[in-house]
Each structure stands twice: as structure tokens, then as C-alpha cells.
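To start, the structure under review is shown below, and the notes come after it.
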Amino acid sequence: MNSLTEIERDSLCELFNISLGAAAKLMGEMVSDEILLTVPNLKLITTDEAKKIEYLVDQDVCTIEQKFVGGIGDGSAFLLFHKSASLEIVKMMMKDYVALNEVSQFEKDALSEIGNIILNAILSNLAKLSDYKIETHVPEFFAGKYEDLPLGRNSKKDNSILLVFIDYKLKGKDIKGYIFFILNFDSIKNLSRVLIEKLK
Amino acid sequence: MSQKKALIVDDSTVTRLMIRKIILDNFPDWEILEASTADDAKTVVTEHRNIDFFSLDQNMPGTLSGLDLAEELRKSYKNTKMVLITANIQDAIKNRAKSIGIDFVEKPVTAEKIIPHLG
């Protein structure tokens with residue numbers, strides 16, 4: 001069974017915590033509202049287990065996936081919104097640029113750009129903090145049932161993935177979403193070792 | 001005096017829309033050209049001469065990134081203002097931008113971030 005020691009888990013939590021602060025600031029700028037974040041919740045689970053997360057199963061979701069490659073390993077970062085919240089987020093982002101009745105035309109593009117900005121900010125911070133160079137591709141958009149989300153296509157033979165769940169919420173609004181990362185177990189271990197070494 | 005031209009290269013329609021509005025709110029007489037990939041941008045550049053400002057995204061579909069395109073453009077546009085507008089804030093990107101002589105602006109776009117580069 002793949003597992004992390006307490007210090008490995010702690011170092012990764014702190015890494016994601018720092019990176020998310022910058023991302024939350026950017027998202028707040030984009031939607032002109034305060035973003036409330038929870039403390040990262042690290043879980044090492046398999047792709048199959050990820051498919052069965054109770055509060056996401058059977059939900060209509062939109063996700064933006066940012067694949068990445070580099071010293072950190074190959075993986076994916078996802079920004080996930082409930083479908084019901086996505087148009088509201090786009091309205092907040094686009095209200096100064098297009099008429100409200102035109103907003104829906106930009107939903108996919110606007111969410112993809114939000115994902116691009118947020119996930120790149122997190123990954124850039126991860127790169128800085130770990131001294132790894134990370135290359136990212138153009139983000140991919142998905143809309144549909146959560147269980148149809150193509151999770152795990154980057155996971156390698158061991159089928160272990162790291163899901164770093166971060167709940168975020170727009171202050172004063174019933175809009176909630178999640179960010180999660182998928183990395184194979186070797187990459188997770190390597191990343192935590194680099195961080196621990198830097199902390200010494 | 002001829003009309004000034006800006007070329008906005010970004011695969012996101014939303015970001016192009018935002019940058020276009022920011023420029024026109026401050027410089028209403030400018031002509032705005034747009035492209036969604038580096039290859040499209042090269043076509044626009046051959047059709048329009050004397051572009052005065054380039055706004056380039058870094059990650060775009062296709063074979064060339066914003067910085068790759070900037071390197072090509074610098075051969076003909078040695079002193080023209082160019083800005084890389086990207087969410088990728090890694091030092092490697094910033095350093096390469098600096099070596100090409102292109103300014104760096106972090107997404108999300110705002111008037112405060114872009115206007116100083118247009119002057």
C-alpha cells in the first residue's frame with residue numbers, strides 16, 4: 001500500500017497551501033469578490049476511488065484540466081465547478097465586457113481562461129517552491145457527469161494518484177468548487193523529498 | 001498621422017475581448033487586430049504593416065508559443081512594444097521574455113497592468 005509519512009504529508013500540504021494563496025488572489029480579481037479557501041486535504045487514492053467521491057458522484061460538473069510535464073513528474077491539475085455555478089461565475093467575470101444576455105456564449109471560453117490562470121498560478125508556484133521546471137499545455141474543458149470525467153489517464157502503472165482537494169467558496173454566494181491534482185506515487189514521493197530537503 | 005495598430009494574439013476569445021476593450025477605452029482611435037494562434041498572427045502581420053503594439057499569450061494551440069512568436073517578430077519589429085501576457089509566472093519564462101526584450105504581464109488582464117506598456 002502506498003502511503004506518505006507525516007512529514008511528507010505535511011510538506012506537501014504546506015506547498016499547496018502557499019500556492020493556493022496566490023491563486024485565490026487572482027480568482028478574486030477576476031470575479032471581483034473574495035475567495036474563501038479551505039486548508040488542503042491530501043488523499044492518496046486510486047482512480048477508481050476518485051470516481052466514487054460521494055459528494056461529486058452523479059453531479060453535473062464543468063472542469064478545466066491543465067496537464068503538465070517536468071521535473072515534478074507528469075500529471076494533471078483540475079479546477080472543478082458545479083454546473084449550476086459556472087454561468088454565475090462567468091457573469092461575474094464578464095459583466096464589464098459584454099451584455100448579460102450574451103454571457104452564455106462565452107461560458108466555455110471564460111471558464112477555460114479562469115482555469116488557465118488559476119492552475120498555472122498554482123503550478124508556477126509549485127515550480128518555484130520545489131525548484132522544478134514545469135511545462136503546461138493548453139487547458140482542456142469538460143462538461144458532463146462527474147463520473148464521466150477522464151480521471152487517471154496520466155496515472156502510471158501503480159494506479160496511485162494524489163488528490164489534493166481544496167474547497168473554495170465565493171464569499172456571500174452559494175458558489176463552491178474544488179481544485180485537485182493528479183500525480184503518480186513516485187512523483188509525489190519525489191516532490192515531498194525535495195521539499196523536506198529544502199526545509200532542512 | 002497614421003492610425004496606430006495593436007495585434008492581440010491569444011487563444012482565449014474572452015481575454016482578447018478584455019484587452020481590446022482596455023485599449024479602446026484609453027486609445028479609441030487605435031485599430032485592433034486579433035489572432036488566436038501564432039500562425040494566424042504571422043498571417044495578420046504579413047497583411048498589415050507597421051503594427052505598433054503586440055500583446056502575446058504564451059500557451060496557445062499550435063507549434064509556436066508566444067515567446068517563439070516574439071523571437072520571430074523581433075527580426076522585423078526591433079523596437080516595437082511587445083507584451084507577453086500569461087498566467088505562467090515561472091522565472092524561466094520571465095527570463096526568456098527579458099532576453100527577447102518583451103515586457104511581462106501576469107494574467108488576469110487589467111487596465112492598470114496593460115496601459116503602462118502602450119505609452
Side-chain angles (χ1 to χ4, degrees), chain A residues 19 22-23 25-32 64 66-68 70-72 77 79 89-99 102-103 105-141, chain B residues 8-26 32 34-41 55-69 83-97 104-115:
Chain A
S19 303
K25 180 174 172 285
L26 293 177
M27 190 159 177
E29 278 179 34
M30 276 186 285
V31 298
S32 305
I64 302 94
Q66 180 75 70
K67 288 182 189 160
F68 55 88
I72 194 173
L79 183 66
I89 292 168
V90 177
K91 277 182 192 168
M92 294 169 75
M93 180 185 176
M94 298 297 296
K95 64 180 187 296
D96 295 334
Y97 299 94
V98 293
E102 294 174 359
V103 163
Q105 298 170 35
F106 296 96
E107 188 175 6
K108 179 181 171 184
D109 191 86
L111 290 173
S112 296
E113 190 64 346
I114 289 175
N116 172 40
I117 293 168
I118 298 299
L119 298 174
N120 261 290
I122 296 170
L123 290 168
S124 295
N125 270 293
L126 284 179
K128 277 187 180 177
L129 294 168
S130 64
D131 289 337
Y132 281 132
K133 188 179 170 192
I134 298 175
E135 287 183 26
T136 54
H137 301 287
V138 176
E140 293 174 30
F141 182 81
Chain B
I8 305 166
V9 189
D10 199 304
D11 60 318
S12 166
T13 310
V14 164
T15 293
R16 291 202 308 272
L17 192 73
M18 289 174 165
I19 298 171
R20 162 188 280 271
K21 185 172 186 300
I22 289 167
I23 295 174
L24 291 179
D25 281 352
N26 291 275
I32 307 295
E34 294 184 27
S36 58
T37 66
D39 286 331
D40 288 347
S55 165
L56 309 175
D57 185 21
Q58 170 61 3
N59 279 7
M60 293 181 284
T63 52
L64 294 181
S65 68
L67 286 172
D68 295 335
L69 177 63
V83 174
L84 187 77
I85 298 183
T86 179
N88 190 334
I89 55 172
Q90 292 182 77
D91 287 343
I93 301 288
K94 287 182 179 175
N95 292 340
R96 193 172 158 211
F104 185 94
V105 167
E106 190 175 328
K107 283 187 177 182
V109 293
T110 61
E112 292 74 24
K113 290 180 186 173
I114 297 174
I115 295 304

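Values reported hereafter were calculated over all heavy atoms of this structure, with side chains retained and with hydrogens, waters and symmetry mates removed.
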*Checking heavy atoms, do the side chain of A:Met93, its backbone, both or neither come under 4.5 Å from chain B?*
both
_Which of A:Thr136, A:Ile114, A:Asn116, A:Val90 touches chain B most, by non-hydrogen pairs under 4.5 Å_ = A:Thr136
*Which of residues 55-62 of chain B get closer than 4.5 angstrom to chain A, counting heavy atoms alone?*
B:Asn59, B:Met60, B:Pro61
_Part of B:Lys107 within contact of chain A (heavy atom distance under 4.5 Å)_ = both
*asked:* Please classify the contact of A:Leu119 with chain B as side chain, backbone, both or neither, using a heavy-atom distance under 4.5 Å.
replied: neither
*Check the side chains of B:Asp40 and B:Ser36 for a donor-acceptor pair under 3.5 angstrom, ignoring hydrogens and angles.*
yes
*Contacting region of A:Lys133 [heavy-atom separation from chain B under 4.5 Å]*: both
*If every non-hydrogen atom of B:Ala38 is compared with every non-hydrogen atom of B:Val9, which pair is closest and at what distance?*
N-CG1, 4.4 Å
*asked:* Taking side chain to side chain donor-acceptor pair (under 3.5 Å) as the definition, give me every residue that meets it alongside A:Gln105, ordered by chain and number, with sequence neighbours left out.
replied: none
*asked:* Is A:Ser112 close to chain B through its backbone or its side chain, or both, or neither, when contacts mean heavy atoms under 4.5 Å?
replied: neither
*Could you tell me which of B:Met18, B:Arg20, B:Lys21 has the largest number of non-hydrogen atom pairs under 4.5 Å with chain A?*
B:Met18
_No-hydrogen, no-angle side-chain donor-acceptor test under 3.5 Å, A:Glu113 and B:Thr15_ = yes
_CA sep, side-chain torsions, deciding dist, call: B:Phe104, B:Ile89, side chain to side chain contact (heavy atoms under 4.5 Å, CB included)_ = CA-CA 9 Å; B:Phe104 185 94; B:Ile89 55 172; 4.2 Å; yes
*asked:* Would you say A:Asp109 and B:Ser12 are linked by a side-chain donor-acceptor pair, where the criterion is simply a distance under 3.5 Å?
replied: yes
*Report the residues that fulfil salt bridge (Lys or Arg N to Asp or Glu O under 4.0 Å) with A:Glu107, sequence neighbours left out, ordered by chain and then residue number.*
A:Lys83
*Charged N to carboxylate O below 4.0 Å: is that the case for B:Glu106 and B:Lys113?*
no
*Identify, with sequence neighbours excluded, every residue that meets salt bridge (Lys or Arg N to Asp or Glu O under 4.0 Å) alongside B:Asp68.*
B:Arg96
